[in-house]
Amino acid sequence: MSEERSLNFIEEIVEEDIRNGKNGGRVHTRFPPEPNGYLHIGHAKSICLNFGLALKYNGKTNLRFDDTNPETEETEYVESIKEDVKWLGFNWDNELYASNYFDQLYEFATNLIKKGLAYVDDSSPDEIAAQKGTPTEPGTPSPYRERSIEENLSLFAEMREGKYPDGAKVLRAKIDLASPNMHMRDPIMYRIRHAKHHRTGNKWCIYPMYDFAHGQSDSIEGITHSICTLEFIPHRALYDWFIDQLEIFPSRQYEFARLNMTYTVMSKRKLLQLVNEGFVTGWDDPRMPTISGLRRRGFTPASIRDFCDRIGVAKRENIIDVSLLEFCVREDLNKTAWRRMAVLDPIKLVITNYEGEGELLHGENNPEVEGGEGSRDIPFSKELWIEREDFMENPPKKFFRLGPGLMVRLKHAYIVKCEDFVKDEQGNIIEVRCTYIPESKSGQDTSGINVKGTIHWVSVPHAATAEVRVYDRLFRSEDPAGEDRDFKELINPESLQIIPKVFMEPDLATAQPGRGYQFIRKGYFTLDKDSTTENLVFNRTVTLKDTWAKEVKKG
RNA sequence: UGCCCGAUAGUAUAAAGGUAGUACAACUGAUUUUGGUUCAGUUUGUCUAGGUUCGAAUCCUGGUCGGGCAACCA
């Protein structure tokens, strides 16, 4: 039933390559995270693209950690990345590390030295920066640029042996100091870092730079389509140059525009700041755009995959409306979440003419599915909690809820009519008094009465309680990273609202972790990892679409 | 002032010289025991100026605007 979809520009390239028999029609991609932070929704776009291509064209995808900078990388990040990729629903063909190739990379570097295409430079970082010139002026040669091959070879070996301190020397490619592409002006290939690496330990004290690791790793793995983001476009010339000079498998690099989303920051650096400076509780704070944050918030893998599918892949800078993500998760949860009732901001409703102990009513788990996926019992009694906002002393014309003399249906129960209400000394409504229509019982209504509104409720004596965490967008600005101010000043102070005691139907006391629940009329919720059997904690994933709220706003 | 990308409704994304379409958002209305869902519909677009062509979002030229490029980060 899949409707014909047009190809994105990368799929077009891949199909063109297959048609031409390039690489024997083989398609091999890779997802290459640096293990220096947690994955976010922007990475999900790249993951879906890379793994999606392999799935679509019967190819393979490697998970390769780009771990060439021991100072920022940690095993914790490796583990979280693996968990997130798996959770999104993808299986990699090989788990690999750029650090696997350190020996090979060292050989490659030596080869270039032997060809007179690389040299050891003793210049300081400042001197090298100065030697690069500016975009409009050519660079100038380092005084060490013309060292002999033999000298370079032995110096480079000494660098590896640990004879020099950090920063004393680097290995540079000898390319073109006048190139209009700054990246071709004798880029650094290796630097000295006496740092322990999370995988190779203290074996190395020289580490390759991105440009001398990424393309070579692609090539070693036989990657056919190396897909990265737009900022690497100027690196492509270098990527190709190294492959040409080394005469190794010609992987090809293609660039697409990274994902940006409204009301969100997406750089790992900024997300790290939010974590380190305590603006959020961690990488998996449900307000974070990280995969782990979204998971904890209650987003489903299917909804994120669907989102990535809908946003498309192109080369133009973009900023996706976060409401699309919300739409995707609502669409998925609407079909899968079990319906339950919970009252977040309670007032009491007393049914004055209801006699007896109460009764057990029934509600199907999921009205979107044939058969409702079974049902649960809902205890009903004379005293109920209802939502404060479902009663108004002086309701406007189109208010289909409770008010003096107004009737509503209690979901899965009876129609009630408001007869009276009670206020406290401050004038707050604390109780609504109603009569019910005994013949209006849900499913066997013979009353003939039609009411416009239905509200949710929870029986007072039977109610379970839980903490509910209500989230709003983390930033007040549509483009927090794009404004002049520090993005942290734009944090929404109301991004988290904790409701310590919410009344809910007792069935929710046995809610299952990882399952989505729709609290009828209030939104989608899921159990938080802080939840215990004694103290339930729910996160609000997303609200329901609320056309009434819009109506109210308009006045 | 150099080089490199890019420009289609509010936001994204199609149309490979031949009817500018789709999704989200917004707005109407119908249905509804969730003001949810579903359904029907409406509004809104090819950066600009020339050129090629029977015909241009698409090809060519100039301009405008936006973004990127000078980490021992990736």
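By convention in this document, chain letters (A, B, ...) are assigned in the order of the sequence lines, proteins followed by strands, and residues within each chain are numbered from 1.
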Touch check for [X], heavy atoms < 4.0 angstrom, all strands: base, sugar-phosphate only, or nothing?
X         : value
Lys452(A) : nothing
Asn69(A)  : sugar-phosphate
Leu410(A) : nothing
His456(A) : nothing
Val313(A) : sugar-phosphate
Glu368(A) : base
Glu12(A)  : base
Thr547(A) : sugar-phosphate
Phe9(A)   : nothing
Ser124(A) : base
Gly139(A) : nothing
Phe400(A) : base
Phe232(A) : base
Ile311(A) : sugar-phosphate

Revision key, fill the gap. Taking for Lys398(A) and for Glu317(A) the nucleotide of RNA chain B with the nearest heavy atom, the one nearer the 5' end belongs to Lys398(A)
Check your understanding: Between Glu16(A) and Asp321(A), which is nearer to the 5' end of RNA chain B once each is assigned its nearest nucleotide?
Key ->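 So the residue in question is Asp321(A).
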Candidates [options] - which lies nearest the side chain of [X]:
X         : options                   : answer
Arg316(A) : rU1(B), rG6(B), rC5(B)    : rG6(B)
Ile320(A) : rA7(B), rA26(B), rA12(B)  : rA12(B)
Lys550(A) : rA26(B), rU37(B), rU33(B) : rA26(B)
Arg401(A) : rG35(B), rC72(B), rA74(B) : rG35(B)
Met182(A) : rA74(B), rC24(B), rC69(B) : rC69(B)
Pro367(A) : rU34(B), rA74(B), rG67(B) : rU34(B)
His235(A) : rU11(B), rA74(B), rU37(B) : rA74(B)
Lys315(A) : rC5(B), rA74(B), rU34(B)  : rC5(B)
Leu324(A) : rG35(B), rG6(B), rC24(B)  : rC24(B)
Pro180(A) : rU37(B), rU11(B), rC3(B)  : rC3(B)

So what's [N] paired with, Watson-Crick or G-U wobble, going by both distances under 3.5 Å?
N       : result
rU28(B) : rA40(B)
rC72(B) : none
rU11(B) : rA23(B)
rC59(B) : rG51(B)
rU34(B) : none
rG6(B)  : rC65(B)

Practice item. Scan Gln253(A), His183(A), Glu255(A) and name whichever one has a side chain to side chain donor-acceptor pair (under 3.5 Å) with Arg236(A). Key: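 Answer to the side chain to side chain donor-acceptor pair (under 3.5 Å) test with Arg236(A) among Gln253(A), His183(A), Glu255(A): Glu255(A).
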Please state the [atom1] separation for the pair [N] and [M] - nearest whole angstrom.
N       : M       : atom1 : result
rU13(B) : rU38(B) : P     : 25 Å
rU32(B) : rC39(B) : C1'   : 11 Å
rU33(B) : rC24(B) : C1'   : 30 Å

Revision key, fill the gap. The ring-ring contact (aromatic ring centres under 6.0 Å, His included) partner of Phe525(A) among Tyr517(A), Phe519(A), Trp338(A) is Phe519(A)
**Study point:** From Phe503(A), Phe391(A), Trp457(A), residue fulfilling ring-ring contact (aromatic ring centres under 6.0 Å, His included) relative to Trp385(A)
**Key:** Phe503(A)
[N] phosphate, OP1 or OP2: any side-chain N/O from [X] under 4.0 angstrom?
X         : N       : answer
Arg310(A) : rU22(B) : no
Arg191(A) : rA74(B) : yes
Arg521(A) : rG35(B) : yes
Thr68(A)  : rA74(B) : yes

Exercise for review: Output yes if the stacking criterion (under 5.5 Å between centres, under 30° between planes) is met for Trp548(A) over the base of rG35(B), else no.
Suggested key: yes
Practice item. Could you verify whether a donor N or O on one side chain and an acceptor N or O on the other, from Asp321(A) and Ser323(A), lie under 3.5 Å apart? Key: yes
Tell whether [X] reaches the base of [N] with its side chain through a donor-acceptor pair below 3.5 angstrom.
X         : N       : value
Arg193(A) : rC72(B) : yes
Arg330(A) : rU37(B) : no
Thr454(A) : rU34(B) : no

[X] [atom1] to [N] [atom2]: how many Å, rounded?
X         : N       : atom1 : atom2 : result
Ile415(A) : rU34(B) : CD1   : P     : 12 Å
Asn450(A) : rU33(B) : CG    : P     : 8 Å
Leu271(A) : rA74(B) : CG    : P     : 19 Å

Review point. In a check of side-chain contact (heavy atoms from CB on, under 4.5 Å) between Tyr38(A) and each of Glu76(A), Lys268(A), His43(A), which one passes?
Key: Glu76(A)
Check your understanding: With respect to Cys434(A), which candidate in Val416(A), Leu406(A), Ile386(A), Leu410(A) satisfies the side-chain contact (heavy atoms from CB on, under 4.5 Å) definition?
Key ->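 Exactly one option meets the side-chain contact (heavy atoms from CB on, under 4.5 Å) with Cys434(A), and it is Val416(A).
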Check your understanding: With side chains defined as the heavy atoms from C-beta onward, is the minimum distance between Arg147(A) and Val120(A) less than 4.5 Å?
Key ->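 Heavy-atom side-chain distance check passes, below 4.5 Å.
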Practice item. Name the orientation class of the two ring planes belonging to Tyr106(A) and Trp204(A) (parallel below 30°, tilted from 30 to 60°, perpendicular beyond 60°). Key: tilted
Point to revise | is_close_aromatic(Tyr414(A), Tyr436(A)), centroid dist under 6.0 Å | key: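 Between Tyr436(A) and Tyr414(A), which both carry aromatic rings, the centre distance is below 6.0 Å.
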